[in-house]
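Side chains are part of it too, since the values below use all heavy atoms of this structure and drop only hydrogens, waters and symmetry mates. No experiment lies behind these values; they were computed from the predicted model shown.
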Amino acid sequence: MDETENTAALPVEMPIPGADEIVLNMGPQHPSTHGVLRVKLKLDGERIEGSECIIGYLHRGVEKIAEHRSYQQFAPYVDRMDYVAAVSNGLGYCEAVEKLLGAEAPPRAKVVRTILTELQRIASHLLWLGTHALDIGALTPVFYCLREREEVLKIFEKYCGARLTTNAFRIGGLQYETYDGFEHDVKRFCDDFEKKVEEYEQLLTGNRIWVGRTKGIGILTGEQAIALGVTGPPLRASGVKWDIRKAMPYAAYEQYQFEIPTGQNGDTYDRYLVRMEEMRQSRRICLQAIENIPTGPIMAKVGKVLKPPPGEVYHSIEAPKGEIGYYVVSDGTVQPYRVRVRPPSFINLQAFDTMARGHLVADVVAIIGTLDIVLGEVDR
């Protein structure tokens with residue numbers, strides 16, 4: 001297949017292989033697929049002519065569960081979708097219900113939410129960087145990245161007692177007040193982290209093997225990304241300057257200065273560079289936020305039993321992997337009538353076919369890794 005033909009933005013159904021073509025199954029058990037994802041590849045030799053992602057091996061019915069739980073009871077379930085960015089999931093859900101209630105979190109809660117969410121972005125990107133490098137063949141970065149991620153998880157643990165599925169927020173604000181020394185711990189991490197990012201870049205950015213495995217691989221143009229609904233770092237790496245934190249500010253983001261990094265080529269290397277810069281910008285936001293955390297209450301007056309008026313709302317935030325949105329319908333009872341989640345991993349995964357065509361089987365690992373998917377979110 002001529003690479004110049006790879007211009008379609010939308011994935012098409014994989015055609016029946018010809019006499020010189022084969023279909024290869026990757027997964028769902030293969031470690032390169034980051035979980036229970038089955039990928040069918042239509043190959044001409046080692047070159048990919050088409051692909052199909054088959055999902056559902058981790059299905060858990062989270063959206064249906066929401067219809068049989070109260071608004072507060074459902075909050076911990078969203079942590080189990082993108083389980084490496086639980087804080088972000090919780091923020092999106094809590095703000096969606098708050099919008100439905102017509103409530104607003106107090107200023108102190110908004111700032112603490114912002115700090116924790118940006119620390120979560122750093123932790124998520126660190127896990128992505130370490131495992132992505134490991135997939136491609138670089139062993140050292142995963143130890144470096146997990147070293148710094150551990151410091152973020154320690155802050156989460158001291159704040160709410162959990163490291164992974166944190167359930168840090170409550171509808172209306174925060175469950176817990178910050179612990180003594182919270183600002184000091186965040187500042188110490190941020191002060192040390194700048195040098196650590198430079199260490200990662202010394203290992204990878206100019207490494208000829210890394211560049212050879214990522215540059216020009218999995219190209220996604222801005223037009224293709226928009227047509228496919230791609231968001232987050234993959235969209236920005238394609239040159240589209242779109243970030244919900246800037247476009248539709250939530251929490252306390254309108255108070256802080258930060259940049260939106262973008263790429264030019266839309267390849268795996270650009271997506272790496274964008275995420276590296278995003279970590280620096282998250283550090284910048286945290287440093288600004290801890291300088292002036294407002295005093296006051298951490299919870300709005302929303303009542304112990306939540307009964308939003310009948311209506312519907314959609315609210316989205318900029319999670320580490322892209323736009324995560326919650327569509328919540330209320331019928332006036334204590335349980336939501338309908339909850340629908342728009343997860344970035346699920347939407348971004350449909351770009352795989354466009355990105356993979358014309359490349360080799362060996363590039364599949366790099367392309368899946370650069371999307372930074374979590375199957376708990378895809379198969380919610």
Side-chain angles (χ1 to χ4, degrees), residues 2-4 6 26 30-34 39 41 45-48 51 121-122 124-149 193-222 224-225 230 232-241 259-283 320-322 348 351-373:
D2 187 1
E3 290 186 15
T4 59
N6 185 18
M26 290 190 67
H30 197 286
S32 75
T33 58
H34 289 218
V39 181
L41 301 173
E46 285 195 39
R47 195 162 296 278
I48 300 167
S51 66
R121 191 181 313 277
I122 292 173
S124 177
H125 283 356
L126 285 174
L127 187 64
W128 162 80
L129 178 61
T131 54
H132 184 41
L134 192 63
D135 286 345
I136 293 177
L139 180 62
T140 304
V142 71
F143 297 111
Y144 282 43
C145 293
L146 292 181
R147 177 188 62 190
E148 274 66 69
R149 182 172 177 266
F193 187 60
E194 186 173 21
K195 299 188 292 289
K196 306 302 184 184
V197 178
E198 292 174 1
E199 286 184 1
Y200 311 150
E201 292 207 296
Q202 287 173 5
L203 288 169
L204 296 174
T205 303
N207 186 304
R208 62 181 182 179
I209 299 175
W210 179 260
V211 172
R213 291 296 306 275
T214 59
K215 219 161 196 178
I217 302 299
I219 294 176
L220 191 68
T221 67
Q224 289 173 327
V230 171
L235 175 66
R236 292 188 283 275
S238 298
V240 181
K241 199 168 187 178
E259 304 299 325
I260 303 174
T262 56
Q264 295 180 335
N265 304 313
D267 57 8
T268 299
Y269 188 71
D270 271 9
R271 288 184 282 274
Y272 155 74
L273 293 177
V274 163
R275 288 189 177 99
M276 295 296 283
E277 184 57 31
E278 281 193 5
M279 289 193 287
R280 289 191 170 98
Q281 295 301 320
S282 293
R283 169 188 174 274
K321 296 168 178 60
N348 291 353
F352 174 80
D353 182 68
T354 301
M355 296 163 68
R357 290 187 178 229
H359 291 299
L360 303 177
V361 174
D363 296 322
V364 170
V365 177
I367 295 171
I368 290 177
T370 194
L371 285 172
D372 189 18
I373 58 171

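- Nearest heavy atom pair, residue G218 against residue H359, reads N-NE2, 3.1 Å.
- Here CG of L134 is found 10.0 Å from OG1 of T140. Values are rounded to the nearest 0.5 Å.
- At least one donor-acceptor pair closer than 3.5 Å links the side chain of R47 to the backbone N or O of G358.
- Residues V240 and G222 come closest through the heavy atom pair CG2-CA, 3.9 Å.
- Without hydrogens or angle criteria, D270 side chain to Q264 main chain gives a donor-acceptor distance under 3.5 Å.
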What do the steps show when you test L371 against M355 for side-chain contact (heavy atoms from CB on, under 4.5 Å), and what is the final call? CA-CA 10 Å; L371 285 172; M355 296 163 68; 3.9 Å; yes

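- Between I136 and R213, the shortest heavy-atom contact is O-NH1, 3.4 Å.
- Interatomic distance, R280 CZ to F193 CZ, rounded to the nearest 0.5 Å: 8.5 Å.
- With sequence neighbours excluded, the residues that form a side-chain contact (heavy atoms from CB on, under 4.5 Å) with T205 are E201, Y269, Y272, L273.
- Contacts of E194 classified as side-chain contact (heavy atoms from CB on, under 4.5 Å), with partners at least two apart in sequence or in another chain: E198, R283.
- Looking at E46, its side chain never comes within 3.5 Å of a backbone N or O of L360 through a donor-acceptor pair.
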When you look at K321 and S124, which way does the side-chain contact (heavy atoms from CB on, under 4.5 Å) test go after all the steps? CA-CA 9 Å; K321 296 168 178 60; S124 177; 3.1 Å; yes

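- Using a 4.0 Å cut-off between charged nitrogen and carboxylate oxygen, R275 and E278 do not count as a salt-bridge pair.
- Residues L41 and S51 come closest through the heavy atom pair CD2-CB, 3.8 Å.
- Note that the OH atom of Y200 and the CD atom of E148 stand 3.5 Å from one another [nearest 0.5 Å].
- For T268, the side-chain contact (heavy atoms from CB on, under 4.5 Å) partners are H132, T214, I217, R271, T370, not counting sequence neighbours.
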Between R147 and E199, does the salt bridge (charged side-chain N to carboxylate O under 4.0 Å, His left out) criterion hold? Intermediate values first, please. CA-CA 12 Å; R147 177 188 62 190; E199 286 184 1; 2.9 Å; yes

